[in-house]
Amino acid sequence: PPLLLLTDAEVFGFVKQRRAMRQPGPDRSNLIADLTPGDYVVHIEHGIARFAGMATRTVDGVSREFLELQYAEGDRLFVPVDQSDRIARYIGPGDHRPGLTRLGSGEWARTRDRVRRAVADVAKDLLELYARRQVLEGHAFSPDTPWQQELEASFPYVETPDQLEAIHAVKADMEAPRPMDRLVCGDVGYGKTEVAIRAAFKAVMDGFQVAVLVPTTVLAQQHYNTFRERLASLPCRVEMLSRFLNDREARSVIAGLADGSVDIIIGTHRLLQKDVQFKKLGLLIIDEEQRFGVGHKERLKQMRQEVDVLTLSATPIPRTLHMSLVGIRDMSSMVTPPEHRLPIRTYVMESDDHLIREAIMRELERGGQVFFVHNRVHNIEMVAARIRRLVPEAEVGIGHGQMPEEQLEATMLRFAAGEIDVLVCTTIIESGLDIPNANTIIINHADKLGLAQLYQLRGRVGRSAVRAYAYLLYEKHTALSETAQRRLQAIFEATELGAGFQIALKDLEIRGAGNLLGVEQSGHMAAVGFDLYVRLLGEAVQRLKALQRGETPPEPLIGRPAMVVDLPLTAYLPETYVPDLNLRLALYQRLARAASNAEVDAIEQEMRDRFGEAPAAARNLTWVVRLRLLAAEAGVSALQTEDRQIVVRLLAGRRIDRDRFPKRLAGVSFLGAHQLRLDISALGEGWREGLVRALAALSASGHRGRGEGCRLA
């Protein structure tokens with residue numbers, strides 16, 4: 001018989017588009033922004049100071065690098081780089097400028113303990129809230145049906161690895177008996193909507209209804225079109241509820257929700273009104289939750305208790321982000337860009353008629369369209385008239401939220417169809433709007449908009465394989481505030497694809513923590529800084545979780561003194577090896593936080609790849625990090641050099657069991673049950689090996705603490 005070959009074009013009616021498999025991925029482990037001299041920092045033990053820079057000190061031929069911190073009344077503290085994990089950048093609510101701590105006054109200890117008590121109460125409340133969700137009997141959705149597989153096979157792209165991970169995580173949550181509460185964080189155009197469509201259809205296959213909540217009518221219309229298109233061949237009724245519908249159409253949709261004939265409803269906050277009743281709601285999908293007001297969020301909180309919730313966001317609000325990071329909420333992050341996607345060229349400059357005309361004409365000449373964002377409805381007509389005067393060749397349309405529904409819908413449809421060249425609009429286009437032919441955006445008065453808003457607006461262009469341009473304009477001869485400058489600088493620098501996560505962190509740093517856990521917490525946050533507050537909160541949560549499971553809680557961050565390591569060894573990253581201050585700081589912090597030899601290995605390999613073969617001082621530094629791991633296992637509090645001898649001191653409550661200690665260790669002598677000494681003079685060049693053997697013997701003699709041992713040559 002003849003052989004018949006069919007491609008996906010013949011089987012599905014379209015060709016699957018391939019996407020790039022590279023995965024840049026933001027580093028979420030370190031929330032500490034780049035430090036520059038003059039920035040406020042928080043030291044866990046010593047309080048709030050100003051970072052004065054790095055200082056190298058040489059004593060008795062041994063060089064080490066320190067972070068220099070300036071405290072109140074001229075006090076200075078030099079922190080060894082191996083303790084840099086105990087320092088965080090100070091981020092407070094809003095523009096709060098903290099007072100510097102006076103060293104040795106006891107004031108910091110009192111402040112810290114007060115905040116720790118407050119944080120413990122918050123952690124308890126949070127865990128109770130989330131624990132109630134864990135024990136609630138939600139619906140365990142059935143495994144995928146053949147129709148589900150058919151839907152997924154019809155996706156016209158090849159899924160990226162992290163998109164697949166997000167889909168698998170969402171399905172696993174839905175199939176579990178407890179209600180899902182997952183945040184999917186993916187940059188604009190990275191496939192979050194497809195995750196939502198698959199989750200929605202899975203719920204429908206089990207006989208449940210799905211509500212998709214979006215912040216704007218324009219986005220509701222777009223999602224409605226996307227869902228209808230993807231689910232057209234499947235047994236599923238999709239409807240929309242927004243102000244684009246007239247009263248009769250809205251009543252029909254609401255009746256369909258009540259009798260169960262509508263499977264998926266896509267709508268704005270209109271969905272949260274009391275007249276909207278569901279017959280059998282099983283899944284709530286929220287797009288850009290931060291765009292909803294306090295009242296809406298309270299209603300969402302009530303709905304959340306019994307149904308599965310999936311939240312989609314390109315720039316998570318700090319609260320959502322940090323709740324995720326401290327382990328109270330599940331999160332999936334999608335960072336792989338679609339293939340052929342190019343970073344957007346971003347320009348920040350003074351507003352100028354000649355520039356505006358040139359930018360619009362360049363886009364029109366290549367057959368594209370332009371967004372002109374002006375976020376003031378009262379004079380938007382004047383701005384549109386100005387654009388018509390500057391570019392008489394262009395067809396100019398206007399779109400804003402106060403227009404009659406029919407007029408706005410008609411304008412958006414004409415723009416999507418290519419009949420309008422320049423759309424003068426407010427930030428109504430901010431969320432999710434997908435017009436691949438619009439690849440230039442001009443944002444008027446960009447200094448008046450928030451960072452997340454600017455990032456979202458810029459994401460409206462560059463959604464195809466064409467190079468996109470964004471112009472962020474501010475008025476001539478206007479003095480920009482420091483915050484506006486930092487916002488514009490951040491958006492200008494965040495040109496990498498998938499920068500949404502970093503934007504959220506930068507937004508947090510600029511705006512401050514905002515309303516993380518209610519007004520009553522802002523004072524505590526201001527007292528110790530956001531980073532330390534969140535670390536304390538995470539620790540309190542982990543402690544309560546451990547106690548609930550009947551396990552021993554982890555050792556607290558505060559109260560656990562830093563191990564003192566003072567050895568006759570030059571151990572630091574020379575400036576000639578890693579010239580950039582922020583890179584050095586980041587590497588120091590990662591080494592200080594390393595909890596295993598595998599982590600140290602990975603950092604060493606990365607340094608070799610980036611900077612070449614490490615000099616002796618850098619090799620000594622990684623050796624010291626490994627030694628700290630072994631010393632921690634052995635229950636050691638300090639390794640200090642005194643009169644050509646290394647003194648090893650144990651933590652309070654630890655004792656040396658001499659009966660189980662090897663009899664012959666060269667150069668080792670005991671000082672009571674809590675210390676031993678290593679004679680450098682007697683051991684000569686072999687003191688390093690002798691110290692490792694002594695620590696290994698201590699660890700083996702019953703003082704095992706944490707870690708996996710240490711591999712030291």
Side-chain angles (χ1 to χ4, degrees), residues 54 56-67 79-86 562-578 583-642 644-649 665-668 676-680 683-700 705-713:
M54 305 296 288
T56 306
R57 295 281 181 270
T58 304
V59 179
D60 296 334
V62 174
S63 298
R64 295 174 70 189
E65 196 167 20
F66 298 84
L67 287 83
V79 181
V81 291
D82 60 345
Q83 292 179 21
S84 57
D85 60 325
R86 305 182 86 75
M563 187 189 299
V564 177
V565 179
D566 177 18
L567 299 173
L569 204 60
T570 292
Y572 69 107
L573 298 174
E575 200 172 344
T576 51
Y577 182 53
V578 184
L583 269 178
R584 277 209 316 285
L585 268 174
L587 286 167
Y588 282 141
Q589 283 195 320
R590 285 172 61 196
L591 285 166
R593 290 183 177 182
S596 68
N597 283 306
E599 286 182 54
V600 183
D601 288 344
I603 297 168
E604 274 186 320
Q605 182 61 48
E606 183 185 323
M607 288 197 299
R608 265 197 302 276
D609 291 346
R610 294 174 75 174
F611 310 110
E613 205 53 49
R619 292 198 303 275
N620 287 344
L621 177 66
T622 52
W623 183 85
V624 169
V625 172
R626 295 184 196 283
L627 191 77
R628 282 168 63 95
L629 292 173
L630 183 56
E633 273 198 11
V636 169
S637 68
L639 298 164
Q640 289 173 296
T641 308
E642 296 174 5
R644 296 289 296 161
Q645 290 190 326
I646 295 174
V647 180
V648 180
R649 294 186 172 88
L665 271 180
V668 173
L676 60 84
R677 287 185 181 238
L678 194 76
D679 193 332
I680 299 174
L683 291 171
E685 290 299 313
W687 70 265
R688 287 167 67 157
E689 187 183 341
L691 179 57
V692 171
R693 290 173 65 190
L695 290 175
L698 266 180
S699 187
R706 62 172 181 81
E708 52 159 342
C710 192
R711 186 176 67 262
L712 287 152

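- For the pair Ser63 (side chain) and Thr570 (backbone), a donor-acceptor distance under 3.5 Å is absent.
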Verdict with reasoning, Leu621 to Tyr572, per side chain to side chain contact (heavy atoms under 4.5 Å, CB included): CA-CA 5 Å; Leu621 177 66; Tyr572 69 107; 5.5 Å; no
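- Contact between Ala634 and Leu695 at its shortest, heavy atoms only, is CB-O, 3.8 Å.
- At least one side-chain heavy atom of Leu567 sits less than 4.5 Å from a side-chain heavy atom of Trp623.
- Taking OH of Tyr577 as the reference point, atom CD of Glu613 lies at 7.0 Å (rounded to 0.5 Å).
- When side chains are defined from C-beta on, Leu587 counts as touching Phe611, because their heavy atoms get closer than 4.5 Å.
- In this structure a side-chain-to-backbone donor-acceptor pair under 3.5 Å is missing from Thr58 to Gly61.
- Looking only at atom types and distance, the side chain of Thr622 has a donor-acceptor partner in the side chain of Glu604 under 3.5 Å away.
- Annotation: side chain to side chain donor-acceptor pair (under 3.5 Å) contacts of Arg584 (sequence neighbours excluded): Glu65.
- Using a 3.5 Å distance cut-off with no hydrogens or angles, the side chains of Gln605 and Asp601 do not pair a donor with an acceptor.
- Nearest heavy-atom pair, Ala592 versus Val81, reported as atom, atom and distance to 0.1 Å: CB-O, 4.4 Å.
- Proximity of Ser596 to Leu629: side-chain heavy atoms (C-beta onward) are nowhere separated by under 4.5 Å.
- The line from OG of Ser84 to CD of Gln589 is 5.0 Å long, rounded to the nearest 0.5 Å.
- Between Trp687 and Leu569, some side-chain heavy-atom pair lies under the 4.5 Å cut-off.
- The nearest pair of heavy atoms linking Val565 to Arg64 is O-NH2, 3.2 Å.
- Side chains of Gln83 and Arg86: no donor on one and acceptor on the other come within 3.5 Å.
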Criterion salt bridge (charged side-chain N to carboxylate O under 4.0 Å, His left out) on Arg590 and Asp85, from CA distance to verdict: CA-CA 8 Å; Arg590 285 172 61 196; Asp85 60 325; over 6 Å; no
Residue pair Arg644, Asp679: steps toward the salt bridge (charged side-chain N to carboxylate O under 4.0 Å, His left out) verdict: CA-CA 7 Å; Arg644 296 289 296 161; Asp679 193 332; over 6 Å; no
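- One distance of note links CE of Met54 with CG of Leu573; it measures 8.5 Å at 0.5 Å rounding.
- Using a 4.5 Å cut-off on side-chain heavy atoms (C-beta onward), Arg57 and Phe66 make contact.
- Scanning both residues, Met563 and Val636, for their nearest heavy atoms gives CE-O, 3.7 Å.
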Audit row: Arg677, Val648, side chain to side chain contact (heavy atoms under 4.5 Å, CB included) steps and yes/no: CA-CA 6 Å; Arg677 287 185 181 238; Val648 180; over 6 Å; no
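- Under the 4.5 Å side-chain criterion, counting only non-hydrogen atoms from C-beta, Leu639 is not in contact with Val564.
- Listed here is the closest heavy atom pair of Leu591 and Val600: CD2-CG1, 4.5 Å.
- Under the side chain to side chain donor-acceptor pair (under 3.5 Å) criterion, Asn620 pairs with Arg688, not counting sequence neighbours.
- Distance alone, capped at 3.5 Å, places no donor-acceptor pair between the Thr641 side chain and the Ile646 backbone.
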